[in-house]
Amino acid sequence: MKKVVISGYYGFDNVGDDAMVETFSTILKNKELDVTVLSKNPDKTKKQFNINAIDRSNPFKIMSEIKKSDILISGGGTLLQDITTVASIWYYLFIILLGIFLKKETYILFQGMGPINNKFNIWLTRKILSKVNYIVLRDNKSLEEMKRLEFDISRTIVATDLIFGLKVPEEKENTQLIKKYIQNYSNEKTYIGVSLRPWKNIRNEVNFARVLDKIANEHNAEIVFIPFHKSQDYAFTVKVIEKMETKNHLIYGEFLPSQVAGLMSLMSLNIGVRLHSLVFSTIANVPTIGISYDPKIDGFLQDIGMKAVSDYSKLNEEAILKEVGKIFNDKYDKKVFENTDSRKKIINEIMGDILDGKCK
């Protein structure tokens with residue numbers, strides 16, 4: 001049985017990133033492969049996804065696991081960037097380098113790329129990625145970044161975000177779950193899902209509260225907050241709620257990523273800052289509005305034929321209200337949902353080719 005090791009930002013209580021573990025594990029277990037995930041919280045990852053996991057901070061365990069493996073996968077997410085911390089890009093490059101050094105099939109899959117600004121980091125990333133077997137990017141902006149940095153793109157393709165392969169639960173199951181958190185839930189009411197995040201030192205809690213109150217009043221809707229990253233988003237979301245005047249709900253608990261996508265499928269509209277809240281909404285066939293804080297938001301929206309309605313740092317209330325009005329007047333572009341099945345097919349085809357040794 002082939003052994004696969006997967007490296008990424010896993011086990012940090014981030015719904016979007018853990019959705020990749022759920023998707024990867026489903027695909028790989030269906031292929032009857034032995035899968036190990038490098039996780040911040042291996043015990044929780046094992047329990048959540050019924051999959052083997054080891055501590056991502058233990059270099060001896062990591063080296064031992066990769067040595068025993070046949071394939072190393074780095075992805076998805078935006079792992080190779082240096083705008084958060086320098087340590088982050090060095091960590092992921094070190095894992096990739098281990099795979100190359102130990103002569104394993106090494107793949108960068110369904111990742112965003114950049115921004116990488118430090119000259120040494122650019123040189124190091126360029127050198128290491130030139131040695132991997134194959135690179136699959138999730139959006140065209142990432143390919144543009146690789147070209148800008150003069151990377152070798154001869155073994156690189158653009159596909160889609162891995163989370164398009166996530167299966168959304170049936171409506172009955174989603175309804176049973178949401179009723180545990182929203183008293184008197186009714187499918188005849190209007191609910192708007194909102195997934196926020198803090199970013200740098202920008203203090204816009206008041207701005208978010210004001211625009212969400214206006215949306216709720218104008219459309220007789222109830223706002224439903226769905227934090228994606230527990231350690232970051234929950235506290236920020238509570239600050240926004242404290243400044244709101246309209247009725248709202250906060251859904252917070254231990255969920256599988258697919259269950260979160262199911263909850264979002266019950267909304268009339270989802271407003272997202274987190275990238276994967278936008279992806280979840282799209283795969284759930286629910287209109288979405290994106291607020292951009294990072295090029296990866298613009299890259300995803302561009303690939304599905306949309307644009308961010310506002311920049312995070314300068315929240316454009318008028319533009320947000322106008323876009324919400326268009327959606328409730330049924331004047332949005334439904335073409336964004338047309339490619340969901342084809343994206344899922346692309347993911348399965350790429351994974352099949354890699355596992356069959358066609359991308360060595």
Side-chain angles (χ1 to χ4, degrees), residues 15-17 19-24 26-27 30 75-78 107-113 134-146 153 156-171 174 193 195 228 257-258 260-292 294-309 323-324 326-327 330-355 358-359:
V15 173
D17 288 292
M20 288 178 259
V21 178
E22 186 174 358
T23 308
F24 267 135
T26 300
I27 294 171
N30 285 342
T78 309
Y107 301 95
I108 311 293
L109 296 186
F110 309 107
Q111 280 202 37
M113 189 67 64
Y134 206 61
I135 299 173
V136 178
L137 301 175
R138 69 182 177 195
D139 56 56
N140 284 295
K141 273 193 173 293
S142 296
L143 183 63
E144 291 169 12
E145 178 74 355
M146 287 187 72
I153 59 169
T156 301
I157 64 167
V158 178
T160 188
D161 195 297
L162 177 67
I163 296 178
F164 276 95
L166 190 70
K167 185 178 179 182
V168 181
E170 297 295 326
E171 183 177 356
N174 302 329
S195 299
F228 264 59
S258 54
V260 176
L263 292 169
M264 293 178 73
S265 74
L266 300 177
M267 305 293 112
S268 299
L269 158 70
N270 287 298
I271 300 172
V273 178
R274 285 282 180 190
L275 168 65
H276 287 116
S277 70
L278 306 179
V279 182
F280 278 30
S281 188
T282 305
I283 65 174
N285 291 328
V286 175
T288 187
I289 288 175
I291 296 170
S292 179
D294 185 279
K296 64 185 179 183
I297 305 295
D298 302 292
F300 169 72
L301 291 172
Q302 177 182 303
D303 280 1
I304 63 170
M306 293 179 64
K307 291 182 180 179
V309 72
E323 191 66 23
V324 171
K326 283 171 60 178
I327 288 170
D330 206 28
K331 293 180 180 178
Y332 65 96
D333 189 353
K334 297 184 179 71
K335 290 181 180 178
V336 298
F337 305 125
E338 291 179 356
N339 295 325
T340 302
D341 289 339
S342 62
R343 288 172 185 265
K344 184 175 291 190
K345 184 178 178 182
I346 287 168
I347 291 166
N348 288 321
E349 287 175 351
I350 289 170
M351 291 301 298
D353 287 347
I354 286 169
L355 300 172
K358 296 178 182 178
C359 299

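All of these numbers come straight from a predicted model, not from anything done at the bench.
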Response to the item:
Per side chain to side chain contact (heavy atoms under 4.5 Å, CB included), Leu301 is matched among Met306, Lys296, Lys307 by Met306
Practice prompt. With sequence neighbours left out, write down each residue that passes salt bridge (Lys or Arg N to Asp or Glu O under 4.0 Å) with Lys326, or none if nothing qualifies.
Written response: Glu323
Practice prompt. Could you tell me whether a side-chain N or O of Thr23 sits under 3.5 Å from a main-chain N or O of Met20, the two making a donor and an acceptor?
Written response: no
Worksheet item: In Å, rounded to the nearest 0.5 Å, how long is the span from CD1 of Ile346 to CD1 of Ile157?
Response: 8.5 Å
Worksheet item: Do side-chain atoms of Asn140 reach the backbone of Asp303 as a donor and acceptor pair under 3.5 angstrom?
Response: no
Item to complete: Just do the side-chain contact (heavy atoms from CB on, under 4.5 Å) check on Asp341 and Lys345 with the steps written out, would you?
Response: CA-CA 6 Å; Asp341 289 339; Lys345 184 178 178 182; over 6 Å; no
Worksheet item: Going through the distances and angles, do Tyr107 and Val136 end up as a side-chain contact (heavy atoms from CB on, under 4.5 Å)?
Response: CA-CA 8 Å; Tyr107 301 95; Val136 178; over 6 Å; no
Worksheet item: If you take all heavy atoms of Ile283 and Phe280, which pair is closest and at what distance?
Response: CG1-O, 3.2 Å
Discussion item. I want to check something: taking the side chain as every heavy atom from C-beta on, are Met264 and Val286 in contact at a cut-off of under 4.5 Å?
Written reply: no
Worksheet entry | Shortest non-hydrogen contact from Phe300 toward Asp139 | N-OD2, 4.4 Å
Discussion item. When you compare the side chain of Leu166 with that of Val279, does any pair of heavy atoms fall below 4.5 Å?
Written reply: no
Worksheet item: Considering all heavy atoms of both residues, which atom of Thr160 and which atom of Phe110 are nearest to each other, and what is their separation?
Response: O-CD2, 3.4 Å
Practice prompt. Find out whether Val273 and Phe228 are in side-chain contact, i.e. whether some heavy atom of one side chain is under 4.5 Å from a heavy atom of the other.
Written response: no
Fill in: Non-hydrogen atoms of Ser292 and Asp298 that approach each other most closely
OG-OD2, 2.9 Å
Worksheet item: Any side-chain heavy atom of Phe337 sitting closer than 4.5 Å to one from Pro287?
Response: yes
Fill in: Euclidean distance, Leu269 CG relative to Thr288 OG1, rounded to 0.5 Å
7.0 Å
Discussion item. How long is the straight-line distance from CD1 of Ile291 back to OG of Ser195, given to the nearest 0.5 Å?
Written reply: 10.5 Å
Practice prompt. Could you go through the side-chain contact (heavy atoms from CB on, under 4.5 Å) check for Asp161 and His276 one step at a time?
Written response: CA-CA 9 Å; Asp161 195 297; His276 287 116; 3.2 Å; yes
Discussion item. Please give me the minimum heavy-atom distance between Glu22 and Pro257, naming the atom from each residue.
Written reply: OE1-CD, 3.1 Å
Item to complete: Check whether any side-chain heavy atom of Arg138 lies under 4.5 Å from a side-chain heavy atom of Thr78, and answer yes or no.
Response: yes
Item to complete: Grab the two heavy atoms, one from Ile304 and one from Arg343, that are nearest each other, plus how far apart they are.
Response: CG2-NH2, 3.5 Å
Response to the item:
Between the CG atom in Leu162 and the CG atom in Asp17, the distance rounded to the nearest 0.5 Å is 10.5 Å
Worksheet item: Are Ile135 and Met146 side-chain neighbours, meaning at least one heavy-atom pair lies under 4.5 Å?
Response: yes
Worksheet item: Does a sphere of radius 6.0 Å around CD in Glu171 hold more than 12 heavy atoms from other residues, nucleotides or ligands, not counting ones at 6.0 Å or beyond?
Response: no
Item to complete: Find the distance between CD1 (Ile27) and CG (Asn30) and round it off to the nearest 0.5 Å.
Response: 8.0 Å
Response to the item:
Value for OG (Ser258) from CD1 (Ile163), rounded to nearest 0.5 Å, stands at 11.0 Å
